[in-house]
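Here is the structure we will look at.
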Amino acid sequence: MEIHEIRKKLKKELDKGRYEHTKGVMYTAGCLAMAHGYSVEDAMLAGLLHDCAKCIPNDEKIALCEKYHILIRPVEYENPYLLHARLGAFLAEKNYGVSDPLILHAIKVHTTGEPDMSLLDKIIYIADYIEPGRKNAPDLERIRRIAFLDLNLCMAEILRDTLEYLSGRGGAIDSTTQRTYEFYRQYLR
Ligand code: DGI
Ligand code: FE
Ligand code: FE
């Protein structure tokens, strides 16, 4: 599928705000790829598709995962929005014709991360957090600067803030998010 076809299809699948966010992540991922020596094209494609499953209603997310035998863990039954990452990777392949396993993996882990992520995984995880449309995260100015200097430190900072935010809100914490932080905290200064 050509990139402009993917954009056209996504524009229909996503609500307006999510499509704007998607473009922000796409361009930010491209910039991070320039800074850290990765394929700008691949990073932009992964950024473009990372939330392709986000606007599917939660009950439908669960139904689709069951239909296609995509693993649903208990924490995901309780918080079905977490499924948009794994389901998104599946749909990126099935409905948008992406076959690059590195791109599909970056989409799959973009919400919780995982220990020892690839360069592209980190670019997408971080771009999702710092894109220009994001406004609420604490310390965003500093985290944005670090993103262009040190990806591992940036992962640690984002994960720390995310876990703090989730525990303050009383949200169920996915054990993967916790494990990702345990891995990246070694990079904190
Ligand atoms: O899809 P987006 O909103 O662009 O971004 P995302 O896929 O990174 O989702 C962000 C949200 O996910 C953010 O509010 C933090 C939340 N999140 C990350 N890890 C966990 C989590 N939520 C829960 N309940 N548990 C987690 O471990
Ligand atoms: Fe997402
Ligand atoms: Fe996102």
Side-chain angles (χ1 to χ4, degrees), residues 6-7 10-11 13-32 43-58 61-62 64-65 70-92 96 98 103-115 117 120-140 143-144 147 151 154-185:
I6 295 179
R7 286 179 73 145
L10 271 174
K11 203 170 177 176
E13 295 291 329
L14 302 176
D15 63 45
K16 191 157 186 311
R18 186 58 46 180
Y19 187 66
E20 290 302 310
H21 162 71
T22 285
K23 284 190 289 182
V25 174
M26 175 178 76
Y27 286 116
T28 303
C31 294
L32 288 173
M44 287 181 73
L45 182 57
L48 179 62
L49 282 165
H50 83 284
D51 271 342
C52 70
K54 184 82 177 189
C55 293
I56 298 170
N58 279 339
K61 281 194 194 81
I62 290 175
L64 280 168
C65 286
I70 297 166
L71 173 75
I72 308 176
R73 292 165 303 136
V75 67
E76 292 162 337
Y77 273 112
E78 285 162 40
N79 306 275
Y81 74 92
L82 290 170
L83 287 172
H84 78 276
R86 207 174 305 124
L87 182 59
F90 175 83
L91 295 179
Y96 297 87
V98 173
I103 293 178
L104 298 174
H105 188 267
I107 297 172
K108 180 178 161 196
V109 302
H110 87 264
T111 302
T112 61
E114 70 178 18
M117 291 153 81
L120 182 61
D121 293 344
K122 290 183 276 197
I123 286 174
I124 297 305
Y125 185 93
I126 292 169
D128 196 16
Y129 196 84
I130 67 167
E131 64 96 359
R134 294 268 197 219
K135 303 232 150 51
N136 299 330
D139 228 7
L140 197 50
I143 287 179
R144 280 176 170 150
L151 292 173
C154 193
M155 288 298 304
E157 298 270 359
I158 293 174
L159 284 154
R160 191 181 55 189
D161 285 348
T162 297
L163 285 168
E164 208 164 282
Y165 163 78
L166 287 170
S167 59
R169 217 192 43 174
I173 290 171
D174 188 320
S175 59
T176 314
T177 309
Q178 188 64 49
R179 283 195 301 119
T180 309
Y181 178 60
E182 297 306 328
F183 180 86
Y184 282 98
R185 62 185 297 177

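Note that the structure is a prediction, hence the values are computed from the model and not measured. Counting starts at 1 for both ligands and their atoms, in listed order.
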Measure from the Fe ion (ligand 3) to every N/O/S atom of Asp128 and report the name of the nearest one.
OD1
One residue to check: Glu76. Relative to ligand 1, which of side chain, backbone, both or neither has a non-hydrogen atom less than 4.0 Å away?
neither
CD1-CD1 distance between Ile143 and Ile158, expressed to the nearest 0.5 angstrom:
5.5 Å
Is there a protein heavy atom less than 4.0 Å away from atom 13 (C) of ligand 1?
no
Can you tell me the protein heavy atom closest to atom 20 (C) of ligand 1 and the distance?
Leu166 CD1, 3.4 Å
Could you identify the single nearest non-hydrogen protein atom to atom 16 (C) of ligand 1 and state the distance to 0.1 Å?
Tyr81 OH, 3.7 Å
Look only at interatomic distance and state if His50 has a nitrogen or oxygen under 3.5 Å from any nitrogen or oxygen of ligand 1.
no
So, 2.8 Å as the limit: is an N/O/S atom of His21 located closer than that to the Fe ion (ligand 3)?
yes
If you draw a 6.0 Å radius around NZ in Lys54, do more than 12 non-hydrogen atoms from other residues or ligands fall strictly inside?
yes
Structural part of His21 in contact with ligand 1, heavy atom criterion under 4.0 angstrom:
side chain
Atoms of ligand 1 under 4.0 Å from any heavy atom of His84, numbered from 1 in the order shown, are 1 (O), 7 (O)
Looking only at N/O atoms, are Gly171 and ligand 1 under 3.5 Å apart anywhere?
no
Tell me which protein heavy atom sits closest to atom 19 (N) of ligand 1, plus the residue, atom name and distance to 0.1 Å.
Thr177 OG1, 3.2 Å
Between the CZ atom in Arg144 and the CG atom in Leu32, the distance rounded to the nearest 0.5 Å is 11.5 Å
Got a second to check how far Met117's CE is from Ile123's CD1, nearest 0.5 Å?
10.5 Å
Any idea which protein heavy atom is nearest atom 7 (O) of ligand 1, and the distance to it?
Thr111 OG1, 2.7 Å
Value rounded to 0.5 Å, distance of CD1 in Ile56 from CD1 in Ile62:
12.0 Å
Answer yes or no: does an N/O atom from Thr112 fall short of 3.5 Å to an N/O atom of ligand 1?
no
State plainly whether the residues Asp128 and Arg134 are in salt-bridge range, i.e. N to O under 4.0 Å.
yes
Give the numbers and elements of all ligand 1 atoms closer than 4.0 Å to a heavy atom of Arg18.
1 (O), 2 (P), 3 (O), 4 (O)
Find all atoms of ligand 1 within a distance of less than 4.0 Å from any non-hydrogen atom belonging to Arg134, and give their numbers and elements.
2 (P), 3 (O), 4 (O), 5 (O)
I need the nearest protein heavy-atom contact for atom 15 (C) of ligand 1: residue, atom name and distance, please.
Thr162 CG2, 4.0 Å
Give, for atom NZ of Lys61 and atom CG of Leu91, the distance between the pair rounded to the nearest 0.5 Å.
11.0 Å
If you define the side chain from C-beta out and look only at heavy atoms, does anything of Leu163 sit under 4.5 Å from Gln178?
yes
Above 12 or not: heavy atoms from other molecules or residues under 6.0 Å from CZ of Phe183?
yes
So what does the His84 NE2 - the Fe ion (ligand 2) - His110 NE2 angle come to, to 10°?
90°
State the atoms of ligand 1, each with its element, that fall below the 4.0 Å cut-off from a heavy-atom position in Ile173.
25 (N), 27 (O)
Between Tyr125 and Leu159, is any pair of side-chain heavy atoms under 4.5 Å apart?
yes
At what distance is the nearest protein heavy atom to atom 8 (O) of ligand 1, and which residue and atom is it?
Asp128 OD2, 3.2 Å
May I ask you to decide if Val109's main-chain N or O and Arg86's side chain share a donor-acceptor pair within less than 3.5 Å?
no
Under the criterion side-chain contact (heavy atoms from CB on, under 4.5 Å), which of Leu82, Ile70, Leu87 is the partner of Glu76?
Leu82
Side chain or backbone, does His110 bring an N or O within less than 3.5 Å of an N or O on ligand 1?
yes
At a threshold of 2.8 Å, where the distance has to be below it, does the Fe ion (ligand 2) have an N, O or S atom of His50 nearby?
no
With a 4.5 Å limit on heavy-atom distance, are the side chains of Leu45 and Ile6 in contact?
yes
Return yes when at least one N/O/S atom of Asp51 is nearer than 2.8 Å to the Fe ion (ligand 3), and no when none is.
yes
For atom 24 (N) of ligand 1, what's the nearest protein heavy atom and its distance?
Ala172 O, 2.7 Å
So for ligand 1, is Lys54 a polar contact partner (N or O within less than 3.5 Å, distance only)?
yes
NZ/NE/NH1/NH2 to OD/OE distance under 4.0 Å, Glu157 and Arg160
yes
